[in-house]
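On a predicted model such as this, the values are computed, not experimentally measured, just so you know. Atoms within each ligand, like the ligands themselves, are counted from 1 in listed order. Hydrogens, waters and symmetry mates play no part in the numbers below; they use all other heavy atoms, side chains included.
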Amino acid sequence: MKHYDYLITGAGISGLVAAERLAKEGLSSLVIDKRDHIGGNCYDEYDEHGVLIHRYGPHYFRTQSKEVVDYLSQFTEWIPAHYRVLSHIQGTYYQFPINLTTFEQIMGRSSSEAEMEATLKEWRHDYPNPSNSEEAVLAQVGEKLYRMFYEGYTTKQWKCSPKELDPSVCQRIPIRTNRDDRYLTEEFQMMPKQGYTAMFQKMIGSSPLIEIQLQTSLEEIRAHTSFGSLIYTGPIDRYFNDCLGKLPYRSLRFEHEHYPHCDYYQETVQVNYPNEEKYTRIVETKHITQQQIKGTTITKEYPQDIDSSHPPYYPIPNPESKALYQQYAQLAKQESQVYFIGRLAKYRYYNMDQVVAMALQLVSKLTSPGP
Ligand code: FAD
Ligand code: UDP
């Protein structure tokens with residue numbers, strides 16, 4: 001039987017980075033995934049009309065980490081990205097995140113940073129240490145803007161009140177009193193020039209020490225595979241057969257629609273629909289891939305419970321789930337030669353750059369000479 005230094009469960013970005021780094025150190029891995037493609041949730045593909053789409057929702061690369069950029073730049077060139085989002089409320093497209101232009105749209109006249117700051121000061125609720133997402137937004141912008149932009153979207157997305165979610169969920173969205181309308185604040189905001197999947201192919205294609213086996217689960221092959229250590233990037237509760245209970249996750253359903261006769265369907269890459277519609281957002285990736293092609297494809301995103309055809313995408317951060325995760329993390333510590341990384345195994349709402357950094361750190365620890 002062939003022996004691998006590592007069995008890596010999950011061919012998402014964290015598993016692939018780990019495999020690439022291990023190979024650089026002369027160590028072999030077998031990377032497996034239940035899905036029929038590499039890339040995990042970052043996977044992008046050309047649809048049947050030739051449009052490059054993100055199968056699992058929009059993936060906007062951004063980071064503050066030079067180390068992550070330098071690392072990924074070995075496998076891709078970058079194109080500048082303009083992640084701009086509108087929020088559609090009762091027929092009006094508001095700039096989002098909330099900024100001075102949004103404020104002017106709401107007031108129906110021109111305004112200034114000073115006026116917006118003074119008004120928000122009046123509108124804000126006094127929560128010096130918000131304990132949930134509702135308090136976090138009320139403390140930033142007050143009730144009117146909370147109800148317009150956040151309450152409906154968050155309830156739809158997470159199937160619970162913002163009161164039941166960690167403040168960090170809604171705090172992901174910046175609030176600005178200037179005219180900066182970028183969705184994200186990180187310094188480096190770029191997209192891989194040929195897409196994520198192309199970047200991953202380059203990452204793993206370079207080494208004979210990396211083998212990929214798709215449509216394969218850990219449960220199926222663990223007992224019949226010879227390996228030294230395991231790197232696991234799937235849901236941590238599943239690894240332990242849910243022995244302490246199931247952790248809550250949210251899933252999504254994606255509906256892709258193609259429009260052959262228009263260059264663009266909407267003005268920006270993303271339009272949010274916080275209120276009436278069943279979907280939360282419509283994404284048109286062509287705006288950020290900058291693909292030159294006739295026709296366009298959009299993706300409507302419907303929040304959804306997890307089930308056999310809707311895998312876990314988001315850990316649901318609240319005090320109970322965090323406490324349960326901590327118990328699983330204790331079990332994880334007791335596993336010998338098993339390393340847990342990535343969004344699902346760490347049960348944290350991590351972005352791509354954060355899991356890349358985590359994989360780099362793990363391999364550096366595993367391959368550095370001991371004391
Ligand atoms: P995953 O991509 O989830 O990969 C894990 C893989 O493990 C999966 O492919 C799964 O099939 C496989 N697996 C699990 N269990 C098993 C098993 N038992 N056997 C075999 N295989 C198994 N991040 C950003 O930086 N910017 C964004 O704009 C952004 N947008 C997002 C939008 C959406 C809708 C979602 C869901 C996430 C978004 N993210 C974004 C986060 C990003 O997707 C994650 O940070 C990243 O994909 C995590 O990578 P991972 O390798 O940890 O996990
Ligand atoms: N959110 C909201 N209204 C919006 C956009 C986001 O209330 O128009 C909240 C919602 O709870 C969401 C969170 O902010 O889950 C984080 O938004 P982000 O766009 O970062 O979500 P992701 O891309 O991770 O799904």
Please state which protein non-hydrogen atom is closest to atom 15 (O) of ligand 2 and give its distance, to 0.1 Å? Trp158 NE1, 2.9 Å
Do Trp123 and Lys144 have side-chain heavy atoms sitting under 4.5 Å apart? yes
If only atom types and distance count, is the side chain of Asp242 paired as donor or acceptor with the main-chain N or O of Gly245 below 3.5 Å? no
In ligand 1, which numbered atoms sit nearer than 4.0 Å to a non-hydrogen atom of Gly342? 52 (O)
Which of the numbered atoms in ligand 2 are under 4.0 angstrom from any heavy atom belonging to Asn272? 4 (C), 5 (C), 8 (O)
Does a salt bridge link Lys34 with Glu219, judged by any charged N lying under 4.0 Å from a carboxylate O? no
Between ligand 1 and His54, can you find any atom pair, the residue atom being a heavy atom, that is separated by under 4.0 Å? no
Ignoring hydrogens and angles, tell me if any N or O in the side chain of Asp237 forms a donor-acceptor pair with the backbone of Leu247 under 3.5 Å. yes
For the residue pair Glu20 and Tyr71, establish whether any side-chain heavy-atom pair is separated by less than 4.5 Å. yes
Heavy-atom contacts under 4.0 Å between Thr216 and ligand 1: side chain, backbone, both, or neither? backbone
Among all protein heavy atoms, pick the one closest to atom 20 (O) of ligand 2 and tell me residue, atom and distance. Arg172 NE, 2.9 Å
The protein heavy atom nearest to atom 47 (O) of ligand 1 is Cys42 SG, 3.4 Å
Does any N/O atom on Gln157 come nearer than 3.5 Å to any N/O atom on ligand 2? no
Checking side chain to side chain donor-acceptor pair (under 3.5 Å) for the pair Glu335/Tyr239: CA distance, chi angles, key distance, verdict? CA-CA 11 Å; Glu335 289 289 281; Tyr239 179 88; 2.7 Å; yes
Run the ring-centre check on Tyr339 versus Tyr232 and record whether the distance is less than 6.0 Å. no
For atom 9 (C) of ligand 2, the protein heavy atom that lies nearest, with its residue and separation: Thr154 OG1, 3.7 Å
Please say whether Arg281 places an N or O atom under 3.5 Å from an N or O atom belonging to ligand 2. yes
For ligand 2, is any non-hydrogen atom under 4.0 Å from Val169's backbone (N, CA, C, O), its side chain (CB onward), both, or neither? both
Could you list the atoms of ligand 1 found under 4.0 angstrom from a heavy atom of Tyr56? 33 (C), 34 (C)
How close does the nearest protein non-hydrogen atom get to atom 44 (C) of ligand 1, and which residue and atom is it? Tyr350 O, 3.8 Å
Residues Glu277, Lys156: salt bridge by 4.0 Å N-O rule: no
Name the atoms and distances for all side-chain donor-acceptor pairs under 3.5 Å in residues 84-94, with sequence neighbours left out.
residue	atom	partner	partner atom	Å
Arg84	NE	Asp181	OD1	2.6
Arg84	NE	Asp181	OD2	3.2
Arg84	NH2	Asp181	OD1	3.4

Among Leu138, Asn132, Val137, Thr155, find the residue that satisfies the side-chain contact (heavy atoms from CB on, under 4.5 Å) test when tested with Pro162. Thr155
Hey, is Glu151 one of the residues with a heavy atom under 4.0 angstrom from ligand 2? no
Atoms of ligand 2 close to Tyr150 [distance to a heavy atom under 4.0 angstrom, numbered from 1]: 2 (C), 7 (O)
Number the atoms of ligand 2 from 1 as they appear, then name those within less than 4.0 Å of a heavy atom of Tyr349, with their elements. 15 (O), 16 (C), 21 (O), 22 (P), 24 (O), 25 (O)
Hey, does the side chain of Ser29 reach the backbone of Ile8 with a donor-acceptor pair shorter than 3.5 angstrom? no
Sub-4.0 Å protein heavy atom next to atom 53 (O) of ligand 1: no
Part of Pro58 with heavy atoms under 4.0 Å of ligand 1, whether side chain, backbone, both or neither: backbone
Tyr183 heavy atom under 4.0 Å from ligand 2: yes
Quick check: does any side chain N or O of Asn351 sit under 3.5 Å from a backbone N or O of Asp353, one acting as donor and the other as acceptor? no
Provide the number and element of each atom of ligand 1 under 4.0 Å from a heavy atom of Thr9. 16 (C), 17 (C), 19 (N), 20 (C), 21 (N), 22 (C)
Are any of the N/O atoms in Cys170 less than 3.5 Å from those in ligand 2? no
With heavy atoms only and a cut-off of under 4.0 Å, state how Glu219 meets ligand 1: side chain, backbone, both or neither. side chain
Geometry only, no angles: is Gln270 polar-contacting ligand 2 at N/O separations under 3.5 Å? no
So does Arg55 pair up with Asp47, basic N to acidic O under 4.0 Å? no
Backbone, side chain, both or neither: what part of Tyr314 comes under 4.0 angstrom of ligand 1, heavy atoms only? side chain
Short list, please: which atoms of ligand 1 are under 4.0 Å from a heavy atom of Ser217? 19 (N), 20 (C)
Looking at Gln266 and Val269, would you say the former's side chain and the latter's main chain have a donor-acceptor pair under 3.5 Å? yes
Which is closest to atom 41 (C) of ligand 1 in terms of heavy atoms, Arg343, Arg348, Gln215? Arg343
